[in-house]
2 protein chains.
Amino acid sequence: MATDRAAKRAANEEAGGSSDRGRPDNAHALILAAAARLFRERGYAETSLRDIAAVVGIKAGSIYYHFASKEEIATEVMNEGIRVVSDAVTGALTALPRSVKPPDRLRCAIDTHLSALLEASDFTSAHIRIYGYVPAEVRKAAAKARAGYDGVWKSLLDELASSGHIRPETDHTLLRLAILGTLNWSLEWYDAEARSPREIAAVFFDIFARGALVPGRPGAHR
Amino acid sequence: MATDRAAKRAANEEAGGSSDRGRPDNAHALILAAAARLFRERGYAETSLRDIAAVVGIKAGSIYYHFASKEEIATEVMNEGIRVVSDAVTGALTALPRSVKPPDRLRCAIDTHLSALLEASDFTSAHIRIYGYVPAEVRKAAAKARAGYDGVWKSLLDELASSGHIRPETDHTLLRLAILGTLNWSLEWYDAEARSPREIAAVFFDIFARGALVPGRPGAHR
DNA sequence: TTGACTACCTAACGTCTGTTAGGTCAAGTC
DNA sequence: GACTTGACCTAACAGACGTTAGGTAGTCAA
């Protein structure tokens, strides 16, 4: 059975550690990359294994030498997608000098998340795009990784709050959902020909930081 | 052919005007309602005509007496979804007394859109959910209706700007995309057991109106 | 009583899907 | 030179899908 083969391969690779030449199974990576691109462009159900195989230049059946199922591919794509954006954001934040104030750390996180989503990674955008459309088991597996990344944003907002930069009456959860919603929704309208992710991120930060309305005008505050 | 039958029915209904008893084809509406609910819950590709038929209590083939194709169902669901939210928002805005200031008009639009999306209409939420996953032709048909609703928001923001309530340097397009992104993304996380759409909308308005950061703090502004 | 019409049903069609059994063939090992 | 193994391929399977042809029970008008 092809399933057994794939299982054996996976076991060998992870357990064996330095399996022959440390070469990380090129086809495995190629299939994942093709799947990520197609999932991002079309969605999960709209992408067949035959489509993925065609991009890689092999036949659909051969995919089962590397993966046990379509769901396994989706799971790996989604986990990689969260890993990429999570590493990018935490990396960018830790690379910041100590002198950088919390608001600019938020600016940095917004910029990095949006760039990962729109430019850097098909995996990240695929994750966001197919999350709600994938079989329940796959989604459950992806939810774990997601929760970890959510934690990054939670602690960033906590940081901002405890340094007194967030309005005390602001709900942290809804603020986080508003920011991430704004960023993730950009997948629906982003046009690479128009403004760059960096420019867009700058405007979004400004909106969330200072608000869009002029203070002091009649009806501006409650 | 069932196709011809459905076509004839449609022609009769629209052209005939006062066709018998003015009864608007009950099954037609039931099928659309079932489709909207399932599209909202699962997505377009994840919902089969057999699923829809089962909810209505008929067999899949019988759907073709009322519709020419699955794509036609999707088109009608999506157009109805935009119609509902568009009517709701414009209705709520025009119902507002003249004395209401522009910022509170924005508050009203946010509240109404979110309520339509999360509570009032499976059609609206289905539209938002399946828009990016539907065959190109269906999406093209839906894009027209969408553009009309976008116009409502554009003129609302223009109104706010010309009355001097929006910060002059704020990009209108990105502000609109941020607000609608925040609202529409709520489909991904909304939990009916927790806070109500009204409460959520109030917090979101506050964030977009005043911003989340405390002004005057170091690093708060550029 | 007949004939038309409405609103379904049954049964199947062709196609696409994820998946699997078994074969092939080059590269490397003993 | 025989043998193993990795990486594919072919061919097919069962099931689901959108869709259609043709049939049927009930209603209603003439």
Of D:dT19, D:dC8, C:dT20, the nucleotide closest to the side chain of A:Ala27 is D:dC8
State whether A:Tyr65 places a side-chain N or O below 4.0 Å from either non-bridging phosphate oxygen (OP1 or OP2) of D:dC8. no
note: A:Lys59, atom NZ; D:dA7, atom P; distance rounded to Å ~ 19 Å
When rounded to whole Å, the CD to C1' distance for the pair B:Glu137 and D:dG18 reads 15 Å
- Item | Ring centers of B:His127, B:Phe123 separated by less than 6.0 Å | no
In whole angstroms, the gap separating C1' of D:dC17 from CZ of B:Arg42 amounts to 14 Å
note: B:Ile63, atom CD1; D:dT20, atom C1'; distance rounded to Å ~ 14 Å
Here the distance between atom P of C:dG18 and atom CD1 of A:Ile31, to the nearest Å, is 14 Å
Practice problem: Please tell me if the side chains of B:Leu32 and B:Glu80 come closer than 4.5 Å, counting only heavy atoms from C-beta onward. | Solution: no
Verify the distance criterion only: is there a donor paired with an acceptor across the side chains of A:Thr47 and A:Arg42 at less than 3.5 Å? no
Here the distance between atom C1' of D:dC8 and atom CZ of A:Phe67, to the nearest Å, is 15 Å
Exercise. Answer yes or no: is there an ion pair linking A:Glu137 with A:Lys140, defined by an N-O contact shorter than 4.0 Å?
Key: no
To the nearest angstrom, the CZ-C1' distance between A:Arg50 and D:dC9 comes to 13 Å
Query raised in the report: Would you say the side chains of B:Ser48 and B:Asp51 form a donor-acceptor pair under 3.5 Å?
Result: yes
Closest to the side chain of B:Tyr64, out of D:dC9, D:dT20, C:dT10, is D:dT20
Practice problem: Give a yes/no answer on whether the side chain of A:Ser48 brings an N or O atom under 4.0 Å of OP1 or OP2 in C:dC16. | Solution: no
Quick note, A:Ile58 side chain, CB onward, closest among D:dT19, C:dG18, D:dC8 is D:dC8
Checklist entry - Just to confirm, is there a sub-4.0 Å distance from OP1 or OP2 of C:dA7 to any side-chain nitrogen or oxygen of B:His28? => result no
B:Glu46 CD to C:dG18 P, in whole Å, measures 12 Å
When we call it a touch if two heavy atoms are under 4.0 Å apart, what does B:Ser62 touch: a base, just sugar-phosphate, or nothing? base
Considering only heavy side-chain atoms of B:Leu49, the closest of C:dT19, D:dC9, D:dG18 is D:dG18
Practice prompt. For D:dG6, take OP1 and OP2 only and decide whether either is under 4.0 Å from a side-chain N or O of A:His66.
Written response: no
Using a cut-off of strictly less than 4.0 Å, decide whether B:Lys70 has a side-chain nitrogen or oxygen near OP1 or OP2 of D:dG18. yes
